[in-house]
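Following: one structure in structure tokens, then a few remarks.
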2 protein chains.
Amino acid sequence: MKLPEAKAQFIQAWGSLGAQWSINRTMAQVHALLLITPGPLSADEIMAELNISRGNTNMNVRELINWGLVGKVLIPGERKEFFVAEKDIWKVVSLITRERKKRELDPILKVLHQLAEVEGDNKDKNVKAFRESIEGINKFAKSADTALTALIKSEENWFYGTLLKMLK
Amino acid sequence: MKLPEAKAQFIQAWGSLGAQWSINRTMAQVHALLLITPGPLSADEIMAELNISRGNTNMNVRELINWGLVGKVLIPGERKEFFVAEKDIWKVVSLITRERKKRELDPILKVLHQLAEVEGDNKDKNVKAFRESIEGINKFAKSADTALTALIKSEENWFYGTLLKMLK
DNA sequence: TTGAACTTTCAAAATATTGTGAAAGATGGA
DNA sequence: TCCATCTTTCACAATATTTTGAAAGTTCAA
């Protein structure tokens, strides 16, 4: 396989992956393009490469910057802004995990905390079942929170070394 | 908060969570309803409770059964089918993880494997950068695969005990 | 074998999400 | 200040996903 085809396939695959997460397809494609491009790219180059509009490019690049996955680069003598992606995959995963935890886990933890205080008597089997469900889910969610927080803070080597050896 | 309101809030919250995953909102709501209901429910009861159509109910219940999250129950003397959800949250998470790994991680692993064999000379800095990106991502993806496979197979106690203690 | 009770399917409608591009808003050099 | 260049916004258009409900399919007791 030649490089241009390989690039296209990677962009496509990363895009599908993104689409299944809360990241939208184009955002993931822009990210993919920047990931495999060594130097910085301008908005125009991204537009041309992915065949998307200026507005779309702008919005998705901005969102990638919000996630911390992409940074602006100023090139002396150029008016345009250029963009580069964080290339270290461990950092990339860590940033994505942090963002998704904030959007997904944190809100449900809040709701679960409130729901634990539902009124009613445990003699009512519906109340009892509800309490037990919430309790179980809450216990798990708190553990997941601990685990993810640790993972986000941890070092690459800890993951590839310690944890992985334990799991294998 | 009274039970009916708490139920509604939980269904709502679980639905939003599902929507951010590849699970659709209604599927997650049906799941939530079954999770907090101690006994089995019929399609009609689900329809009534969530205000959704018969077709929608059928499709989503069927999908939940495919995921292994919900089972059919036959009640003697009744023609109707009834449904119950797996209540053990550890099993629930394990089933969801298995399904998502199959849909998301496995396909990208396949693509990465192919892309590792891109033609070209490392003297070309684009080829070099591409290879390095793919290599890094591939290494991580394989590790994630190992980690998730182990997690899916592992016992509840291992997660709440061993792993969590290590992370705290 | 019939028909009532129930489940499944699927084309069309409703809804939600994403993308476009022209216009408005910045920015900075002369 | 002015103007050329670049960025951002946003109403509308295009796409994609989800839901509906009526019709077709299935099952089983009589």
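This one's a predicted model, so the numbers in the text were calculated from it and none came from an experiment. Letters A, B, ... are given to chains in the order of the sequence lines, protein chains preceding strands, and every chain is numbered from 1.
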[X] [atom1] to [N] [atom2]: how many Å, rounded?
X: A/Glu45; N: D/dC6; atom1: CD; atom2: P; answer: 12 Å
X: B/Ile23; N: D/dT18; atom1: CD1; atom2: C1'; answer: 16 Å
X: A/Ile75; N: C/dG28; atom1: CD1; atom2: P; answer: 17 Å
X: A/Gln29; N: C/dT18; atom1: CD; atom2: C1'; answer: 12 Å
X: B/Asp44; N: C/dA5; atom1: CG; atom2: C1'; answer: 11 Å
X: A/Lys72; N: D/dT8; atom1: NZ; atom2: C1'; answer: 10 Å

Return yes when atom CD of A/Glu156 has more than 12 non-hydrogen atoms of other residues, nucleotides or ligands closer than 6.0 Å, and no otherwise.
yes

Heavy-atom donor-acceptor pair, A/Arg131 side chain to A/Glu117 backbone, under 3.5 Å
no

Does A/Val70 offer a backbone N or O that forms a donor-acceptor pair with the side chain of A/Glu86 under 3.5 Å?
no

Aromatic A/Phe130 / basic B/Lys7 pairing, under 6.0 angstrom, 45° off normal
no

Presence of A/Asn58 side-chain N/O under 4.0 Å of D/dT7 phosphate oxygens OP1/OP2
no

Can you tell me if the side-chain N/O atoms of B/Arg62 get under 4.0 Å from OP1 or OP2 in C/dT9?
yes

For residues 30-52 of chain B, dump all side-chain donor-acceptor pairs below 3.5 Å to protein atoms at least two apart in sequence or in another chain.
from: B/His31; atom 1: ND1; to: B/Trp14; atom 2: NE1; distance (Å): 3.2
from: B/Thr37; atom 1: OG1; to: B/Leu33; atom 2: O; distance (Å): 2.6
from: B/Ser42; atom 1: OG; to: B/Asp44; atom 2: N; distance (Å): 3.4
from: B/Ser42; atom 1: OG; to: B/Glu45; atom 2: N; distance (Å): 3.2
from: B/Ser42; atom 1: OG; to: B/Glu45; atom 2: OE1; distance (Å): 3.3
from: B/Asp44; atom 1: OD1; to: B/Arg54; atom 2: NH2; distance (Å): 2.9
from: B/Asp44; atom 1: OD2; to: B/Lys80; atom 2: NZ; distance (Å): 3.4
from: B/Glu45; atom 1: OE1; to: B/Ser42; atom 2: N; distance (Å): 2.8

What nitrogen or oxygen pairs link the protein and nucleotides 19-27 of chain C at under 3.5 Å?
from: C/dG19; atom 1: OP1; to: A/Thr26; atom 2: OG1; distance (Å): 2.1
from: C/dG19; atom 1: OP2; to: A/Thr26; atom 2: OG1; distance (Å): 3.3
from: C/dG19; atom 1: OP2; to: A/Asn56; atom 2: OD1; distance (Å): 3.3
from: C/dT20; atom 1: OP2; to: A/Ser53; atom 2: N; distance (Å): 2.8
from: C/dT20; atom 1: OP2; to: A/Ser53; atom 2: OG; distance (Å): 3.1
from: C/dT20; atom 1: OP2; to: A/Asn56; atom 2: ND2; distance (Å): 3.2
from: C/dT27; atom 1: O2; to: A/Arg79; atom 2: NH2; distance (Å): 2.7

Do A/Trp21 and B/Glu104 have a side chain donor and acceptor closer than 3.5 Å?
yes

